[in-house]
Amino acid sequence: NTQQPTINRFYDNQ
Amino acid sequence: MFEAKFEDGGLFKKIVEAIKELVKNVNLEANGTGISLQAMDTSHVALVALQLNEKGFKKYRCEKSLTMGLSIENLQKILKCSGNDDQITLRTQDEEPTTLSFTFESKNRISEFQLNLMSLDQEQLGVPDTEYSSVVRMPSNEFTKICRELGNINEAIGIETSKEGIKFYVKGDIGEGQVSVKINDTEKPEERVECEVDEPVNLSFAVRYFNLFNKASALSSQVILSMSQDQPLVIEYIIEEMGSLKLYLAPKIND
């Protein structure tokens, strides 16, 4: 089945 | 001292309309180059980013960088007091403003409102400049319609790109479907479909985020979808002469 990662997984906190 | 005057106040209203379903409280940043906003939706799956360049305003002044925390819901209540053809001016006097002033001007009336600001310590994300391997430009109302229709069949929508064009597909309990949008170089720019596919992608997204964002299609007749495999999709609406409104959406991944 599929997971829904958050956007934080792709972009770091500044 | 900050002052920004929208020649077309209706544009600002459309921008707020487009993001109000996705973000609740935002930090509006103003500096010498213009106004920007970046905020995640409550589930942190999507990121909204607005960029408006000072050149696009009828009047723009910002002596010192400012951060103004505001509730989109309350901003909407103020904007509902303006007409779609009004000129809208945003203004603050102090360096650490506690309110943001609005002036709505039309031929026969002028209104003044003050919105109370709040301090929001929101995490800002760094979006790296990315060379996307598939970039598709298509009519925005076409994209909106496809997302709405396929969204009725399944909550996840697949997007596959190739040299031939872009295919949207769903596989749900009730059945499945696919919509292939063909490339066309019609001379009418708003109907054009262009695909630059260096690497084809095949990605899956929760379509509800598209449908929450689809009011943004009022901002531009074309939408630009930028994709790379296993990277967030970028939905971009160019705001003529001013900047752009983008939605970054994390893809679903098979674990």
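Each chain gets a letter, A, B and so on, in the order the sequences are listed, and its residues count up from 1. Because the structure is predicted, anything quoted here is derived from the model rather than measured.
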Quiz prompt | Partner chain A: residue of B:Asp41, B:Leu47, B:Asp230, B:Val127 with the largest heavy-atom pair count (under 4.5 Å) | solution = B:Val127
Quiz item: Should we say atom CG of B:Asp173 is surrounded by more than 12 heavy atoms from elsewhere, each under 6.0 Å from it?
Solution: no
Quiz prompt | B:Gln231 CD to A:Tyr11 OH distance, which is reported to the nearest 0.5 Å | solution = 6.5 Å
Quiz item: With only heavy atoms counted, which part of B:Ser204 is less than 4.5 Å from chain A, the side chain, the backbone, both or neither?
Solution: neither
Practice problem: Verify, without hydrogens or angle tests, whether A:Gln4 (side chain) and B:Ala250 (backbone) share a donor-acceptor contact under 3.5 angstrom. | Solution: yes
Quiz item: Do B:Leu125 and A:Gln14 come close enough that some side-chain heavy atom pair is under 4.5 Å?
Solution: no
Self-check item: Heavy-atom pair count under 4.5 Å with chain B, highest-scoring of A:Thr6, A:Asn8, A:Asp12, A:Ile7
Solution: A:Ile7
Self-check item: Neighbour count >12 (heavy atoms, 6.0 Å) for atom CD, B:Glu95
Solution: no
Self-check item: Shortest non-hydrogen separation from A:Pro5 to B:Pro251 and the atoms involved
Solution: CD-O, 3.1 Å
Quiz item: Could you walk me through whether A:Arg9 and B:Val45 pass the side-chain contact (heavy atoms from CB on, under 4.5 Å) check?
Solution: CA-CA 9 Å; A:Arg9 176 162 164 177; B:Val45 167; over 6 Å; no
